[in-house]
Amino acid sequence: MQNKVLVTVLIPIYNVEKYVKKCLTSLVNQSYKNIEILAIDDGSPDNSKDIVLDFAKKDSRIKLIEKKNGGYGSALEVGISQTNTKYFLICDPDDWLSNDSIQELITIAEKDNLDLAVGDKFNVFEGTDIQEYQPTFPKDLNIEPHHIYKKDKNIQRFAFGQVSPHAKLYRTKLATGFKFPHHASYTDFLLYTLFLTKAKRVEYINKPLAYYLINRKGNTNTSTNPSKINDYLIGWESTMDQLPLSQANNLDEILFRMFLQLKFILGEYSRNEKVDFNSKYFKRIYNSIEKMHLYKNAILKGTLDNVSIQSKLLNHLLLNNSTSKMAAKLLVNKDKYKQKHNKD
């Protein structure tokens, strides 16, 4: 009797004909065989779909879903809505998994009845054999491997790690109903952050289980296009809109993570734009910071132990009505100066 399929692998497909074969090969060769593979073709104009169909002829576990172009988030939305297994994971088509990746994740998820299992990854670079081990969590976050985290505050601290989908196994029923923004990148942030507000049992595996091609041409994470600021903000706003803010006092770590994301976006703004404090991007970022003033007490309570005194002071200034705009401008100018200084 065939074992029940517990895991669906979602692959959002768009203009990846050069890479998707390696991704699919890594999936069909997994040591854990009871998987379903859903490749969501997001209106890709290249031959990616044909490559998927060639694999599907040889492996019945692979299914192609075709849809009109709507962006990465819309592909995830469709994929999750059509997932009928207990768990799912996402493998971007220019990345691949180690042969035992799914076996490692599903074994620990089933053994410990997890809502989320998180592994590490290797950063890899096109045209080279370089593999850089990338832990999901910094050491000073003190997230212990092979420990089941159950308290909301401890689970929320997972939000300060890498938000990308690499080597993350999600319990499907907790991810249904999320509304992903369409025609925008960086929606991994939304999925991971919102999921952590629902999860009750999470665990970390300190082993690289995925390979992330970090420097592919067209990769949104390496893009310098100013429109990425718009995508970051769309993702932030959509996440904020879906947080259970009626429980804000119990979301201090998540709200602090949302606040840090705005500081990160300010840094990206200084990198990609001429410093113009009347620009649409700065105004949108600042308006989002103003929204955070409503949750000032929760955010400051969620401040991590390793935050410097200087950063804590800046946080207070950003969350103060009378000094907020000055502090936002100060942060942009500081990042701009650091970038210029590093170049010099």
Say whether, by atom type as modelled, one donor and one acceptor occur between the side chain of Gln30 and the main chain of Ile102 under 3.5 angstrom. yes
Test your reading of the model: is there a side-chain donor-acceptor pair from Ser227 to the backbone of Asn230, 3.5 Å cut-off? no
Does NZ in Lys173 sit with more than 12 non-hydrogen atoms of other residues, nucleotides or ligands closer than 6.0 Å? no
Using distance alone, with no hydrogens and no angle criterion, decide if [X] and [Y] have a side-chain donor and acceptor under 3.5 Å apart.
X      : Y      : value
Glu268 : Tyr281 : no
Asp92  : Tyr72  : yes
Lys121 : Ser164 : yes
Asp120 : Tyr133 : yes
Asp252 : Tyr295 : no

On the 0 to 90° scale, with breaks at 30° and 60°, tag the [X]-[Y] ring pair as parallel, tilted or perpendicular.
X      : Y      : result
Phe88  : Tyr170 : parallel
Trp96  : Tyr211 : parallel
Tyr212 : His166 : tilted

With a 4.0 Å cut-off, would you call Glu77 and Lys67 a salt bridge? no
Thinking salt bridges, do Asp152 and Lys200 make one under a 4.0 Å N-O criterion?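 Yes, Asp152 and Lys200 are salt-bridged.
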